[in-house]
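Take a look at the structure set out below.
This structure is a prediction, so every number in the text was calculated from the model and none was measured. Chain A is the first sequence line, chain B the second, and so forth, proteins listed ahead of strands; every chain is numbered from 1.
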Amino acid sequence: MAESVLRLEDVTMQFGGVVALNNLSMEVNKGEIVALIGPNGAGKTTAFNAITGVYEPTNGAIYFMDELLVENYPKEKMKKLYAGENNGKYTKSVVKTPDVITKAGMARTFQNIRLWPSMTVFENVLVAKHLRRTSNLFSATFRGNRKEEARQREEVAELLRIVGLDDVQDELSTSLPYGKQRRLEIARALATNPKLLLLDEPAAGMNPQETDELTEFIGQIRNDFDMTILLIEHHMNLVMGISDRIYVLDFGRLISSGTPDVVQSDQKVIDAYLGVADEDA
Amino acid sequence: MIEKKKGSKANLIFALGLVVLVFVLEQLLPSSSMLLTVIKKSAIYALAAVSMNLLNGFTGLFSLGQAGFMMIGAYAYAILNVPTDQRAAVYQYFDGGIIQFSITEGISSVLGNVAGLIIGVLLSLVVAGLVAAVFAYLIGLPVLRFRGDYLAVATLGFAEIIRAFFQWDKLGPITNGSNLLRKFTNLADFNIKNSTGQVIINLSTTILVLIVAACIMIIAMMINSTYGRSFKAIRDDETAAEAMGINLAKHKMTSFVVSAFFAGIAGALLAMYQTTVQAAPFKTAMTYEILLIVVIGGIGSLSGSCISAFIFVGASEWWLRFLDEEKYNILNTHILRSGFRKVVFSVIIMIIVLFFRKGIMGENELNIAGFGRWLKRLFTGKKKPAIETEAK
């Protein structure tokens with residue numbers, strides 16, 4: 001059996017009366033590229049935020065490398081409001097902040113690029129190495145971490161060479177063209193040495209040529225870094241061309257899953273995207 | 001990389017040169033010289049401004065508690081350094097107070113006067129910083145959950161409360177209530193005297209400038225370390241910083257506590273310079289002065305803070321003094337009178353804020369090697385070598 005990297009069990013995310021995610025269960029195995037798709041407002045980004053710790057799920061559990069990462073159950077205000085079906089199944093509350101989850105080995109990019117604008121390309125990636133430091137404030141200030149610093153700088157230079165940004169490494173991150181900013185954001189995520197890379201709409205706002213380059217780039221990352229990737233995307237060309245498996249969300253519910261071929265021919269998916277003919281009309 | 005190292009070496013030599021210059025000036029000028037006063041006060045304000053810049057400029061936490069932390073440092077230093085035989089006189093309304101030792105005195109009795117003075121004062125400064133840092137930690141626990149303006153208001157409130165608290169009569173045995181603390185070890189004690197008590201070598205300004213330079217250097221080293229970079233990441237984009245594994249609460253606290261530590265040292269140095277300590281002057285107005293120095297110098301530039309501290313103190317204490325004096329009224333206009341200095345000063349500040357939006361230095365640091373090249377170009381009349389413009 002394939003080695004499980006990420007497993008979601010009945011993850012429900014409720015904001016007051018709105019159920020943004022409803023009993024989402026899914027699995028990402030080692031070496032796979034898995035896509036999460038769905039119409040606007042289906043809950044894709046909510047799922048991402050629940051996985052990466054931006055939100056605490058209302059109910060459900062998330063396992064990372066077969067270890068419990070996050071578990072929560074409806075309590076306090078949510079206790080009465082909870083609309084899901086698995087009430088009482090989960091009894092622990094294990095909640096982690098995004099930085100802890102990133103440290104555990106999950107790194108993400110953002111739908112709207114979030115680079116650090118006052119820093120150069122090189123520094124942007126170098127800061128992502130901060131979480132793997134062994135130095136403390138004193139040893140870092142008084143340069144007791146020279147070796148570590150030098151090693152990190154080498155790793156960053158190597159990484160930039162692999163992703164093809166070494167020629168612009170001293171430029172301000174925000175002065176790069178859009179496509180390269182995306183690439184830099186992915187490189188920054190890779191610098192944290194993740195086991196799982198989460199890409200939130202990596203092709204958003206890209207033209208077809210840039211999208212093709214990105215598709216190639218994502219494939220290259222999987223091969224070069226032996227990476228497992230979970231991505232949200234609207235560009236169907238990219239999704240169908242690159243994904244091993246696809247999960248389809250609609251109104252917070254999982255409506256279909258499987259290989260690109262299976263999903264593409266699933267009537268439920270077609271209905272969700274194109275709408276169902278009104279019976280009464 | 002290599003060039004960067006060369007640059008920092010040049011800067012270090014420049015800083016040492018400044019210290020030597022101060023030393024020479026101090027020997028040549030009378031101790032009442034206005035220049036020396038301005039140098040001393042601006043050195044202290046520079047340290048306070050740099051510590052505030054670490055927080056406001058580099059970590060993006062808009063805090064207005066600097067005067068409060070300076071006051072804590074000043075008090076901690078003064079309380080721990082009043083000689084035991086003077087305590088009865090200083091704490092005259094509180095039966096000599098409850099603390100009956102002086103750090104400098106204690107160490108001097110073991111190590112001799114010179115070593116005791118140096119080690120004792122340095123140790124007291126560190127203790128003063130640590131006390132301020134402990135207060136900062138306790139305040140930071142609830143307050144650092146706030147962002148932006150809310151944090152500013154909360155820290156401002158803290159500074160006001162702590163000032164009132166230190167003046168509280170019940171704390172009199174420790175803080176001397178609202179009375180002056182005095183007679184503690186001060187800067188003049190560093191002057192080398194001969195047997196008749198005459199000063200042979202003046203060191204009070206030099207030692208102050210040295211301590212300030214060392215503190216600022218430590219802050220600069222921290223900002224250039226991996227921690228400093230992650231502070232900047234938090235300032236630039238908190239969400240991205242957290243997603244890249246930077247623990248926001250911990251790093252904000254680190255920055256807050258370190259900033260308070262150096263503000264505490266600045267406060268202690270201010271106490272040494274003034275030779276007396278009282279809670280009253282550590283008002284929000286002082287925080288605003290320091291904030292003004294940070295803004296004029298450039299938010300995110302340490303050398304900018306130092307330069308603007310000198311300009312600010314010089315202008316407010318010295319260069320604009322003539323505006324207050326009626327005797328300079330040439331045309332009998334009576335414009336120049338007491339207080340007019342402040343009007344002019346405000347106008348100058350408004351002009352600076354209007355035309356130098358990012359302060360004197362912006363986010364750049366003073367680079368002596370670069371400055372040298374600029375001078376060379378100025379004199380040889382050569383144009384700046386064309387560099388690629390940052391294409392957007």
Side-chain angles (χ1 to χ4, degrees), chain A residues 49 52-54 97-110 112-119 123-145 148-150 152-153 171-177 185 188-189 191-194 198 200, chain B residues 1 3-5 8 54 57-60 133 214-215 217-258 261-262 299-301 358 362-364 387-392:
Chain A
N49 285 339
T52 52
V54 178
T97 47
D99 57 294
V100 179
I101 290 177
T102 307
K103 225 170 177 173
M106 248 190 245
R108 72 173 292 180
T109 65
F110 294 90
N112 336 319
I113 296 175
R114 282 176 176 272
L115 292 167
W116 295 305
S118 75
M119 295 189 217
E123 284 171 328
N124 260 277
V125 182
L126 188 57
V127 171
K129 288 271 172 212
H130 181 66
L131 82 166
R132 303 287 176 217
R133 71 190 179 278
T134 53
S135 58
N136 57 34
L137 186 65
F138 287 94
S139 62
T141 302
F142 297 105
R143 303 293 184 266
N145 62 341
E148 187 180 66
E149 178 95 10
Q152 288 184 343
R153 280 176 185 274
E171 282 182 35
L172 274 184
S173 59
T174 40
S175 70
L176 295 183
E185 220 194 8
R188 187 178 69 177
T192 64
N193 297 347
L198 299 119
D200 193 351
Chain B
M1 276 304 284
E3 198 170 343
K4 204 177 170 190
K5 262 195 181 144
S8 66
L54 169 68
F58 288 93
T59 323
C215 289
M217 210 176 82
I218 292 172
I219 296 177
M221 282 168 77
M222 196 180 89
I223 283 171
N224 287 323
S225 78
T226 178
Y227 278 85
R229 288 194 297 267
S230 49
F231 291 161
K232 285 185 215 163
I234 292 174
R235 171 193 67 188
D236 279 6
D237 191 326
E238 221 176 87
T239 313
E242 196 177 25
M244 289 302 117
I246 294 170
N247 185 331
L248 291 183
K250 214 167 143 188
H251 281 78
K252 283 181 177 178
M253 183 63 96
T254 306
S255 172
F256 194 62
V257 166
V258 170
F261 176 81
F262 286 105
I299 295 175
S301 169
K358 297 183 118 188
E363 277 187 20
N364 305 315
I387 46 165
E388 296 170 66
T389 44
E390 278 167 18
K392 178 75 191 174

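- Taking OG of B/Ser225 as the start and NE2 of A/His130 as the end, the distance is 8.0 Å to the nearest 0.5 Å.
- To the nearest 0.5 angstrom, B/Asn247 atom CG is 4.5 Å from A/Asp99 atom CG.
- In this structure, A/Lys129 does not pair ionically with A/Glu148, as no charged nitrogen and carboxylate oxygen lie closer than 4.0 Å.
- With chain B as the partner, the residue from A/Val54, A/Asn145, A/Thr102 showing the most heavy-atom pairs under 4.5 Å is A/Thr102.
- Residue contact with chain B, scored on non-hydrogen atoms closer than 4.5 Å, is absent for A/Thr52.
- Among B/Thr239, B/Leu248, B/Ile218, B/Ile223, the residue with the largest count of heavy-atom pairs under 4.5 Å with chain A is B/Thr239.
- Side-chain contact check for A/Asp200 versus A/Phe110: every heavy-atom pair is 4.5 Å or farther apart.
- Contact tally against chain B (heavy-atom pairs below 4.5 Å) for A/Leu131, A/Val100, A/Thr97: the top residue is A/Leu131.
- Counting only heavy atoms from C-beta outward, the side chains of B/Phe231 and B/Leu54 approach each other to under 4.5 Å.
- In terms of heavy-atom pairs under 4.5 Å with chain B, the best-connected choice from A/Glu149, A/Gln152, A/Arg132, A/Arg108 is A/Glu149.
- Of the listed residues A/Lys103, A/Met106, A/Glu185, A/Met119, the one with more heavy-atom pairs under 4.5 angstrom with chain B than any other is A/Met119.
- When B/Gly300, B/Ala249, B/Ser230 are compared by the number of non-hydrogen pairs under 4.5 Å with chain A, B/Ser230 comes out ahead.
- Contacts of A/Arg133 with chain B are made by side-chain atoms alone, with heavy-atom separations under 4.5 Å and no backbone atom involved.
- Contact of A/Thr109 with chain B is not made at all, since no heavy-atom distance falls under 4.5 Å.
- For A/Phe142, the parts lying near chain B are the backbone and the side chain together; criterion is any non-hydrogen pair under 4.5 Å.
- Chain A forms the most heavy-atom pairs under 4.5 Å with one residue out of B/Val258, B/Thr226, B/Thr254, B/Ile246, and that residue is B/Thr226.
- Residue A/Ser135 comes nearest to A/Ala140 through the heavy atom pair OG-CB, 4.0 Å, listed as atom of the first residue, atom of the second, then distance.
- For the atom pair B/Phe58 CZ and B/Ile219 CD1, the distance stands at 10.0 Å (nearest 0.5 Å).
- Residue A/Thr141 holds its OG1 atom at 7.5 Å from CZ of A/Arg143, rounded to the nearest 0.5 Å.
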